[in-house]
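Below you'll find the structure, written out as C-alpha cells, and then a few comments.
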Amino acid sequence: MDNTGFKRHRRLRRTESLRALVRETKLTKEDLIYPIFVVEGEGIRKEVPSMPGVHHISLEYLNDEMKELEALGIRSVIVFGVPKEKDAQGSQAYCEHGIVQQAIRQIKKNVPSLAVVADTCLCQYTDHGHCGLVENGEVLNDPSLELLVKTAVSQAEAGADIIAPSNMMDGFVAAIRKGLDEAGYSQIPIMSYAVKYASAFYGPFRDAAHSSPQFGDRKAYQMDPANRQEAIREAASDMEEGADFLIVKPALSYLDIMREVKDRFHAPLVAYNVSGEYSMIKAAAMNGWVNEQEIVMEKLTSMKRAGADLIITYFAKDVAEWLNE
Ligand code: PBG
C-alpha cells in the first residue's frame, strides 16, 4: 500500500517488456498436436465444408502435409481415418491395411521425427456410427474392448508413437495397456480421452469424419456436461489403469474441469480444442466480426492457464505461423 491507500497493479503493465517479464503462461509450438483426416481413395484434397482450412487428404498428399508441419515446427499429429467401407464391427479400424495404419507407416517412414498419435475408436468405421459394438440398440461395453485392443495393437504395429483411445468404454485403458504389453509394446504410452463429454461441439468433426451415430446419441457412454465429480472419477480410474496422459474434451467450456484434473493428477494434461470451437471462430472471423489471431491466441493461452500441457487443435498451423513471425 502506498500513501494513496491502494495498490498500484498497473506498475507491472506499463510497457510490453515489463508485461513480458511477468507473463505467467506461454504458448509454444511444442504444445501443439495437429489433427489430420486421412481418407481412402486417390487424388483427394478436399476442404471440410464446416471446417474451413481443414482438409480430407488421401495418401499421396500426406508427405507434403507432413513436410509443411515439420517446416512450421509442429512436432506432433493425431491421425483420424475415413474408410470407404464400414460394417457393424468396424473392421477397417483394426485391419493391417486400414487407412490409419497405412498413413502411420507412411509418416514414420518419411518424417520419423514427428510424434504420431493414433486415435483409437470405432465410430468412423462402424455402419451404425457408434463407438462400440451394438446389440438391440445398446452399445456393448466388454465385447467392444476386444476390438479396441485389436485396433490399438495394429496402430502400434504400424508405428504409432502414442495410442489415444477416445471411445469411452469402461476399462479401455486397462484392456489396451494389457494388450499392448502382451504384443510387445510396453514402451508405447496411452493418451486417454479420460474426460470426454457428450458435446454439441463435436458437430463439424462428425461431418469431417463421417462418424455421426445413425440412431440415438452418445449419451450412454460420453459424459453429461453438467458433471464435475464424475470427471474426477473418470480420470482417477484411467490413472489407476495406467494412462500416461489425460485428455479433457472439449476444452473451451471445460476449463474448470481441466484445472481440477491438473491439480489432482500429476500426469501431462491435454486439452482437445474441438471442431465446434474451431468452426465458431472461423465463421466469426470470416465475417470480420472478431480478430482471428488475437482470439485464437487468447483462447489457447487460457487452456494452458487452466492447466493444459498440450493442446490438440485445428489451429496448430496458424498458431505456429504466428509464433514464427
Ligand atoms: C470419437 C471422436 C470424436 C471426436 C474425435 N474422436 C467425437 C465424437 O464424435 O463423439 C471429436 C473431435 C472434434 O470435434 O474435433 N471417436
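Just so you know, ligand 1 is whichever comes first in the structure, and atom 1 is the first atom listed for that ligand. Nothing fancy with the numbering, it's 1 onward along the sequence.
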Could you check whether Y61 and H55, counting side-chain N and O atoms only, form a donor-acceptor pair closer than 3.5 Å?
no
Below 3.5 angstrom, do we get any N/O pair linking R206 and ligand 1?
yes
Y272, portion touching ligand 1 at heavy-atom distance under 4.0 Å
side chain
Taking atom 2 (C) of ligand 1 as the reference point, the nearest protein heavy atom with its distance:
K196 NZ, 3.2 Å
Does a donor on one side chain sit under 3.5 Å from an acceptor on the other, for Q214 and D127?
no
With a cut-off of 4.0 Å, which atoms of ligand 1 are near a heavy atom of C121?
16 (N)
Name the one of Y314, Y125, F37 that satisfies ring pair (Phe, Tyr, Trp, His ring centres under 6.0 Å) with F80?
F37
Check whether Y202 forms a cation-pi arrangement with K249 (NZ or CZ under 6.0 Å from the six-membered ring centre, at most 45° off the ring normal).
yes
Heavy atom of the protein closest to atom 15 (O) of ligand 1 (residue, atom name, distance)
Y314 OH, 2.5 Å
Using a strict 4.0 Å cut-off to heavy atoms of C123, name the atoms of ligand 1 that fall inside it.
1 (C), 16 (N)
Residue, atom name and distance, where the atom is the protein heavy atom closest to atom 14 (O) of ligand 1
S275 OG, 2.7 Å
Closest heavy-atom approach to atom 10 (O) of ligand 1 among Q222, K249, M168 is made by Q222
For the 3.5 Å polar cut-off, considering only N or O atoms, please tell me whether Y193 and ligand 1 meet it.
no
For S58 and E60, which I'm curious about, is there any donor-acceptor pair between the side chains at under 3.5 Å?
yes
Taking atom CZ of R228 as the centre, report whether more than 12 heavy atoms of other residues, nucleotides or ligands fall under 6.0 Å from it.
no
Checking K29 against N324: is there a side-chain donor and acceptor pair closer than 3.5 Å?
yes
